[in-house]
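One structure is given here, and the rest of the page talks about it.
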There are 2 protein chains.
Amino acid sequence: MQTEPRGPKFRRRAEARPEEVLDAALALFVEKGFASTRVEDIASRAGLSKGAVYLYFPSKEAILEGLVQRAVVPIAANALGFLSNYTGDPRPVISSVLKMVAHQLTQPGTVAIPKLLIREMIHFPELAAMYRREVLDRVLPVLEQLISNGVAEGHFRPIDPQLTIRSIVGPIVLHMLMAEVFGIVPDEGLAMERLVDNHLAILFDGLSAPQSDRRFMAT
Amino acid sequence: MQTEPRGPKFRRRAEARPEEVLDAALALFVEKGFASTRVEDIASRAGLSKGAVYLYFPSKEAILEGLVQRAVVPIAANALGFLSNYTGDPRPVISSVLKMVAHQLTQPGTVAIPKLLIREMIHFPELAAMYRREVLDRVLPVLEQLISNGVAEGHFRPIDPQLTIRSIVGPIVLHMLMAEVFGIVPDEGLAMERLVDNHLAILFDGLSAPQSDRRFMAT
DNA sequence: TAGTTATAACTGACCAGTTAGTCAGTAGAT
DNA sequence: ATCTACTGACTAACTGGTCAGTTATAACTA
C-alpha cells in the first residue's frame with residue numbers, strides 16, 4: 001500500500017523536527033486537550049518515536065510552552081504599529097480593526113491558542129500570565145488610548161475607555177465562544193461579516209431608533 | 001487537640017451525603033480541573049472515604065453530571081417568566097436583565113458551572129449539549145423575541161435580533177472572561193455596575209457624540 | 001434500662017489500567 | 001569508521017473503581 005514499503009525506517013532531520021512536533025501537538029491538544037494527549041500520539045503524528053520527542057523537548061509541558069511561545073512572538077510585532085499614535089476620528093480605525101480581528105478569528109489556527117489557554121490555564125498559570133504579558137498588556141493600552149483620544153477630540157461621548165473596550169470587542173468574542181463551545185451559530189452560518197456590520201451600527205449610533213424613525217409606540 | 005478525640009469514626013447520614021459530595025466536587029473541579037481532582041480528594045473534603053462516594057455515584061463522571069444537573073434545574077425555572085410575552089419598549093427590560101445578570105455573575109457559584117463546561121466540554125460533549133438544551137436554547141429565543149418586538153414597534157433600528165444579542169451580552173461576558181482567565185480588571189476593581197452603566201449608554205445611544213456635543217474635530 | 005441482633009453506612013487496602021519519562025541499543029548519514 | 005538521530009521496551013508513579021471487612025444505629029427483647 002505504501003509508495004515506498006522498503007524505505008528507510010526513519011530519516012535524520014534534526015532541524016525540522018521541533019516545528020513538526022509543535023504542529024502535531026497543537027492539533028492534538030486542541031482536539032483532545034493536554035492531559036488526554038499522549039506523548040506517543042504527538043510523536044507518531046509528527047512521524048517519529050516517543051523517545052525522539054524527548055531529544056527536542058525536555059518534557060510534555062515544555063511542548064505546550066513552546067507552542068505558546070511560537071504563537072506569541074508574531075502577535076506582538078503584528079497589529080500594533082498601525083494603531084499607535086493615531087489621531088483623528090477613531091471610528092474608521094475601530095471598524096477596520098474589528099473587521100481584521102473578525103477575519104483573523106475565522107482562520108482555524110488563530111483561536112486555537114487562546115482556547116487551549118482557557119482550558120489549561122489552571123494547570124499552567126505561568127503560561128497564561130505570559131500570554132497576558134506578551135499579548136493583552138500590549139494591545140489593551142493602545143486601544144484604551146485610541147478611545148481616550150476619541151473622547152478628548154469630541155468624536156465620542158464621555159465614556160470610560162477601559163470599560164468601553166469590552167463593549168467594542170465583547171460581542172465578537174461572545175460570538176466565537178457560542179459557536180465554538182456550544183455550536184450556536186446564526187441561522188445562516190457563522191456570518192462573521194454580518195455580525196461585525198450589525199455590531200458597528202449599534203456601537204457607533206446605538207440601538208435606539210432616532211425619533212424620526214419611530215413609526216408607532218407601544219399601545 | 002480535637003474537641004472530641006474519642007468520637008465515632010464516622011456518622012451514618014445517607015440523606016445528606018450526595019449534596020455534600022457535589023459541593024466538595026464543585027469546589028475542587030473549579031480549583032484544579034476535573035482530571036486533576038482525585039476522587040479521594042472529593043471524598044475527604046466531603047468528610048467520607050473514597051469507597052463511600054461510590055455508594056452514591058457510580059463513577060467520577062457521574063459526579064460531574066450531577067453537578068451540571070443541579071445547576072441547570074433552577075435556571076430554567078428562574079429568569080424566564082418575566083421576560084416572555086413582553087410588549088412595549090424593551091429598553092427598561094434589557095436594562096434590568098443586564099443588571100440582574102451582572103449581579104448574579106458576581107456571586108461566586110454562578111460562573112463556576114459554565115467555566116467548568118468550557119474546560120471539560122471536549123471530554124464530555126454530551127454535558128455541554130445538555131447545558132445548551134436546558135439553558136441557552138430556552139433563554140436565547142426569548143431575548144430574540146424581545147428584540148424583534150422592539151424593532152417591530154419602532155423602538156429599535158432595524159437590526160438583526162440574533163446578532164444583536166451578542167452586542168447586548170458580549171461585553172459582560174468578556175468582562176468576566178478577562179477578569180477570571182487573565183486577572184485583568186479595571187483600575188478600581190471589578191466595577192461590574194459601572195461596566196453595565198457604561199455599556200447601556202453605548203448600547204442604546206451609541207458611542208458617537210451627538211452633533212451638539214462635538215466641541216472640536218481633529219486637526 | 002440494658003443487652004442482643006440485624007443491617008445499612010462506611011472504610012481503606014488492593015487491583016488493573018494508563019502513561020510520562022529513560023536508556024541501551026540500532027540504523028542512517030557522512 | 002564514526003557520529004548522532006532515532007527506536008521501542010521498560011519502569012515508576014499515579015488513580016478510578018472494587019470489595020471484604022468494620023462500625024454506627026435502629027429495632028427488638030427481656
Side-chain angles (χ1 to χ4, degrees), chain A residues 2-26 28-29 31-67 116 120 122-124 127, chain B residues 2-26 28-29 31-67 116 120 122-124 127:
Chain A
Q2 299 281 41
T3 53
E4 206 186 61
R6 304 254 184 153
K9 201 165 169 183
F10 61 88
R11 304 265 172 98
R12 297 174 53 176
R13 302 186 304 111
E15 320 76 34
R17 293 304 196 195
E19 287 292 310
E20 290 171 355
V21 171
L22 290 182
D23 291 341
L26 178 59
L28 290 168
F29 288 167
E31 182 189 335
K32 319 198 300 181
F34 179 83
S36 302
T37 300
R38 288 173 304 143
V39 175
E40 198 158 339
D41 293 339
I42 300 173
S44 76
R45 184 183 243 259
L48 21 55
S49 71
K50 182 162 83 154
V53 169
Y54 283 91
L55 296 175
Y56 301 106
F57 296 92
S59 70
K60 191 184 176 187
E61 187 178 340
I63 300 177
L64 182 59
E65 280 164 20
L67 222 43
L116 209 53
E120 311 296 348
I122 292 196
H123 305 289
F124 312 105
L127 236 100
Chain B
Q2 300 281 41
T3 53
E4 206 185 61
R6 304 255 184 151
K9 202 164 166 182
F10 62 88
R11 304 266 171 94
R12 297 176 49 177
R13 302 187 304 111
E15 319 77 32
R17 294 303 197 194
E19 286 293 311
E20 291 171 355
V21 171
L22 290 182
D23 290 341
L26 178 59
L28 289 168
F29 288 167
E31 182 189 335
K32 317 197 301 179
F34 179 83
S36 303
T37 299
R38 288 174 303 144
V39 175
E40 199 159 339
D41 293 339
I42 300 173
S44 77
R45 184 183 242 260
L48 19 56
S49 70
K50 182 161 80 154
V53 170
Y54 283 92
L55 296 175
Y56 302 105
F57 297 91
S59 69
K60 190 184 177 187
E61 187 177 340
I63 301 177
L64 182 59
E65 280 164 20
L67 222 43
L116 210 54
E120 311 294 348
I122 291 196
H123 305 287
F124 312 105
L127 233 93

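Every value quoted in this text rests on a predicted model; they were computed, and no experiment measured them. Lettering of chains follows the sequences in order, A, B, ..., and the numbering in each one begins at 1.
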Residues 46-56 of chain A side chain polar contacts: donor-acceptor under 3.5 Å, at least two apart:
none

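Atom CG of B/Leu48 is separated from atom C1' of D/dA24 by 15 Å (rounded to the nearest Å). The distance between atom CD of B/Glu40 and atom P of D/dT18, rounded to the nearest whole Å, is 15 Å. Straight-line distance from the NZ atom of B/Lys50 to the P atom of D/dG17: 9 Å, rounded to whole Å. Going from atom CG of A/Asp41 over to atom P of C/dT19 covers 8 Å, rounded to whole Å. A/Arg17 places its CZ atom 17 Å from the P atom of D/dT4, with the value rounded to the nearest Å. Residue B/Ile42 contributes atom CD1, which lies 16 Å from atom P of C/dC10 at whole-angstrom precision.
With sequence neighbours left out, the side chain to side chain donor-acceptor pair (under 3.5 Å) criterion links A/Glu31 to no other residue. With sequence neighbours excluded, the residues that form a side-chain contact (heavy atoms from CB on, under 4.5 Å) with A/Arg45 are A/Ala24, A/Ala27, A/Leu28. With sequence neighbours left out, the side-chain contact (heavy atoms from CB on, under 4.5 Å) criterion links B/Ser44 to no other residue.
Remark: B/Tyr54, B/Ser59, B/Lys60 in residues 52-67 of chain B come within less than 4.0 Å of DNA chain D through at least one heavy atom.
Taking all atoms of both residues into account, the shortest heavy-atom contact from B/Asp41 to B/Lys32 is OD2-NZ, 3.2 Å.
Within the model, atoms CG of A/Leu64 and CG of A/Leu26 stand 10.0 Å from one another, a figure rounded to the nearest 0.5 Å. To the nearest 0.5 angstrom, A/Phe29 atom CZ is 8.0 Å from A/Glu120 atom CD.
By the 30° and 60° cut-offs, the orientation of the rings of B/Phe34 relative to B/Phe124 is perpendicular.
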Can you give me the N/O atom pairs linking the protein to nucleotides 11-14 of chain D at distances under 3.5 Å, or say none if there are none?
none

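Nucleic acid contact class of B/Thr37 (heavy atoms, under 4.0 Å, all strands): sugar-phosphate only.
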